Amino acid sequence: MARYPLCVTTTEPVNLETNSTLIPLLCSDTSEDMRVIHNSYFSNTFNGIGEAIGLIGFGSCEEVDELEELAPGIIVNPNHSLFEKDQVYKNKYVLTSALKRHSILKHFQFKTTRSSSISWSLRASSLNKSQMFKIREFESEHTCLLLHNSLSERQATKSVVGSIIVGKCAEPDVIYTPKDIQRDMLAEYGVRLTYMQAWRAKEAALELVWGDPIQSYAKLPSYFHILEATYPGSHIRLHKSEDDRFLYTFVALFTSIKGWEYCRPIVVVDGTFLKGAYKGTLLTANTLDAAGSILPLAYAIVDSENDASWRWFFEQFRDAFGQRLEMCIVSDRHASIIKAVSRVYDEVPHFACMWHLLQNIMKNFRKSQQRVTELFYSMAKTYTMTEFNQCMTIVEKIDKRIKDYLLNIGYNKWSRVHAEVNRTWMMTSNIAESVNSRTRHAKVLTVLHLLEFMRQLVQKWNNNNRSKATFSGFHLGKKYENILRRNKTASEKLRVIETNKYVYTVLDGITQFTVCLHQRTCTCGRFQLDELPCPHALAVLTIKHTGYEKYCSDYYTRKNLLLTYQFQMDPLPDESTWNTPTHVLEEVVLPPHGKRPPGRPKNKRHTQLREDGFKKAKITCSNCGQQDHNRKTCKNVRPYDQE
């Protein structure tokens, strides 16, 4: 009789030197003394058995070469559920995973024993000293009593449950919570999991999908090599420490670099925290195309938002995109961004997001925040100095400190009418916040998969916007075409008086406006700042029977939109087909220092004051029961004191 290494299941870790009960097993050739895997209990609940399967080797295998003839039928799927004699599995992990999943599906569990009185049993061993395992004997009949139905099931480990739910966790933007896992496992398999078991199972599933975080850093050189080969002309940089630890990475794809040449030179930057094993921050730079859609320009992964990381980011951005005429940068008032822009782009205006600036005002001047909110938005978005001064006069009467605060920041930083260059409608950093929102579920990914997620996002938006531009029949992009239609509707009730060939007077009720078509200006301010005909200009063009096309900025036209997406993005080759040079494979990239903090990762940042609305919470005094003050500041007499 041939001897094979025996794969058995043990309920506890086994020490061969001290456990004498296994000696007959190791010395006997008879099937009566051999341990077999058999059906032991029925159950509806699970406990982990991370060390359930143990391999006990003995004797030596006969040198029988069965590998070549069995290779086509090797089972590699750990979810395989049909067991037969002489089946060959890729390795021990595939076999044990399939057995565990099968026990969950059929609501039974297995263990090892000397007895062979129970019918269901399976014996497998390694094949010809390889990693593959072959089923030598298998009996599929169950004879266990239903009495054991109340005992705990040990096969539902986090790895087994994770392999079951892995398909539902593959997409980062799909929300699949531990509560969902509990519900699905109970409905589909009759398994009751605790919340913590479900949470650990999800972590195991994510690791199966996205791999080891440490290995993702090691693959970065190969990934960047393929990225540069697929998109020649891209600007991709990896910055490491002296001990080969990851510090920063920057990616600006060729399609974004070329497309930016046909967009208005406004760059909106922002950062968002990451929730992976090594944390970090994702920095992005974005702009708008001729249709008003977001065009991601560049993205980077750094340690945090600090002076060094933002300066490195803008240095790489300058190397990739250079500096253009009438270029400007819009961001929140992060101190590190302000310092970096002043050093790298010292000649480029840096504007503040009016929404973030308003949050600072509300935080510093709480008593006046509700009355100042609408006035501040009016001041920031107004087109004329007259309207701005009128609003500022009202603000000064409400609280002079607010005027001094805004003056100290500089009107040109947040007011459209004071801006050195034309920022049109880009008064906030909303487009960067939109990109952050789109990546909110990808923050848990490893660094390699996060970079690939961003590349796929750029590719998807690039191809979608390119398709829309190709089939568009309008002269302008969608957003600006809609604005022009609204202006056209507003111009229908206006009266026009011709002054000379280029200058016209337009009456809107009792208000008078002057339009100069030659200089493309209007006293309302919108014609020159929006670079799009305002209602007064459209009223003049209607009287003259002249088209509006030549009075619109080229940055809004379909021609520029097609040029923005003239280069199509091809998909990245599959990792199995990468042809990476040896010197790239030998490059070492280690993960950054630090470890994951204890506790559940935070899904949301701490909201700023009044960020979730302007409704003030009501305060009730525990002393007198009245509102708008607390017990410490209460000046009323307590009810029981009056008695």
Side-chain angles (χ1 to χ4, degrees), residues 227-228 230-236 250-270 284-300 316-330 345 348 421-435 438-439 454-484 530-532 548-572:
L227 206 61
E228 290 179 334
T230 307
Y231 310 111
S234 300
H235 186 85
I236 303 171
F250 178 94
V251 178
L253 299 178
F254 175 73
T255 54
S256 299
I257 296 175
K258 299 301 293 183
W260 191 60
E261 298 176 1
Y262 303 97
C263 300
R264 185 175 294 279
I266 300 178
V267 183
V268 182
V269 298
D270 195 18
T284 60
N286 311 274
T287 190
L288 290 181
D289 61 16
S293 300
I294 301 175
L295 174 64
L297 298 176
Y299 50 92
Q316 302 305 317
F317 188 89
R318 181 188 58 191
D319 294 342
F321 295 90
Q323 181 174 330
R324 291 173 55 187
L325 185 65
E326 296 187 351
M327 176 180 171
C328 67
I329 298 173
V330 180
Y345 280 110
V348 174
V421 299
N422 192 1
R423 58 188 295 188
T424 61
W425 291 276
M426 199 72 71
M427 302 300 299
T428 67
S429 58
N430 283 353
I431 64 172
E433 298 289 352
S434 298
V435 175
R438 184 62 181 82
T439 61
M454 292 300 298
R455 186 204 65 82
Q456 292 179 2
L457 182 65
V458 175
Q459 175 184 330
K460 178 181 178 180
W461 288 0
N462 183 287
N463 293 336
N464 288 345
N465 294 336
R466 184 172 180 268
S467 177
K468 292 178 182 178
T470 303
F471 296 101
S472 174
F474 299 106
H475 176 72
L476 302 180
K478 180 179 179 180
K479 174 181 178 179
Y480 306 105
E481 187 72 31
N482 292 335
I483 294 175
L484 200 63
D530 290 346
E531 297 187 12
L532 202 66
Y548 62 85
E549 290 81 2
K550 69 176 183 179
Y551 297 100
C552 300
S553 172
D554 291 337
Y555 293 128
Y556 306 150
T557 61
R558 178 175 175 269
K559 176 183 176 181
N560 273 39
L561 186 60
L562 291 173
L563 291 174
T564 301
Y565 301 105
Q566 60 181 310
F567 298 100
Q568 187 173 359
M569 285 189 64
D570 297 324
L572 208 63

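All figures in this text were calculated on a predicted structure; none of them were measured in a lab.
Closest heavy-atom contact between Arg318 and Tyr345: CA-OH, 3.0 Å. Shown here for Ala298 and Phe321, the closest heavy-atom pair between the two residues is CB-CE1, 4.2 Å. Nearest heavy atom pair, residue Tyr231 against residue Phe254, reads O-CB, 4.4 Å. Nearest heavy atom pair, residue Arg423 against residue Val330, reads NH2-CG1, 4.1 Å. Taking every heavy atom of both residues into account, His235 and Ile257 meet most closely at N-CD1, 4.1 Å. Across all their heavy atoms, Asp530 and Thr424 have their closest contact at O-CG2, 4.4 Å.
At least one side-chain heavy atom of Val268 sits less than 4.5 Å from a side-chain heavy atom of Ile431. Annotation: side chain of Cys263 is in contact with side chain of Thr564 (closest heavy-atom distance under 4.5 Å). Within the 4.5 Å cutoff, no side-chain heavy atoms of Phe250 are placed close to those of Ile236. Annotation: side chain of Val269 is not in contact with side chain of Thr284 (no heavy-atom distance under 4.5 Å). When side chains are defined from C-beta on, Phe317 counts as touching Val267, because their heavy atoms get closer than 4.5 Å. Counting heavy atoms from C-beta outward, Leu295 and Leu288 have side chains that stay 4.5 Å or more apart. Taking the side chain as every heavy atom from C-beta outward, Val251 and Met454 never approach each other to under 4.5 Å. Considering only heavy atoms from C-beta on, Ser472 stays 4.5 Å or farther from Lys478 through its side chain.
Side-chain contact of Tyr299 with Arg455: a donor-acceptor pair under 3.5 Å is absent, judged by distance alone.
We find the CG-OH distance between Leu561 and Tyr480 to be 10.5 Å, quoted to the nearest 0.5 Å. The OG1 atom of Thr287 lies 10.0 Å from the OH atom of Tyr555; values are rounded to the nearest 0.5 Å. For the atom pair CG (Asn482) and CZ (Phe474), the distance works out to 8.5 Å, reported to the nearest 0.5 Å. The structure places CG of Leu297 at 6.0 Å from OG of Ser256, a figure rounded to the nearest 0.5 Å. Interatomic distance, Glu549 CD to Leu476 CG, rounded to the nearest 0.5 Å: 7.5 Å. Atoms CD and NE2, on Glu481 and His475 in that order, are 9.0 Å from each other to the nearest 0.5 Å.
Aromatic ring centroids of Trp461 and Tyr565 lie 6.0 Å or more apart.
For Thr428, the side chain to side chain donor-acceptor pair (under 3.5 Å) partners two or more places apart in sequence, or in a different chain, are Asn430. Annotation: side chain to side chain donor-acceptor pair (under 3.5 Å) contacts of Arg558 (sequence neighbours excluded): none.
No donor-acceptor distance shorter than 3.5 angstrom exists from the side chain of Gln459 to the backbone of Gln456, with no hydrogens or angles considered. Remark: side-chain polar atoms of Ser467 are not paired, donor with acceptor, to backbone N or O of Asn464 under 3.5 angstrom. Using modelled atom types, one side-chain atom of Thr439 and one backbone atom of Val435 make a donor-acceptor pair closer than 3.5 Å. Using modelled atom types, no side-chain atom of Thr230 and backbone atom of Leu227 make a donor-acceptor pair closer than 3.5 Å.
No more than 12 heavy-atom neighbours from other residues, nucleotides or ligands sit within 6.0 angstrom of NZ on Lys468.
A salt bridge links Arg264 with Glu531: the distance from a Lys NZ or Arg NE/NH1/NH2 to an Asp or Glu carboxylate oxygen falls below 4.0 Å.
Here the rule is side-chain contact (heavy atoms from CB on, under 4.5 Å) with Tyr262, and of Asp289, Leu562, Asn560 only Asn560 fits it.
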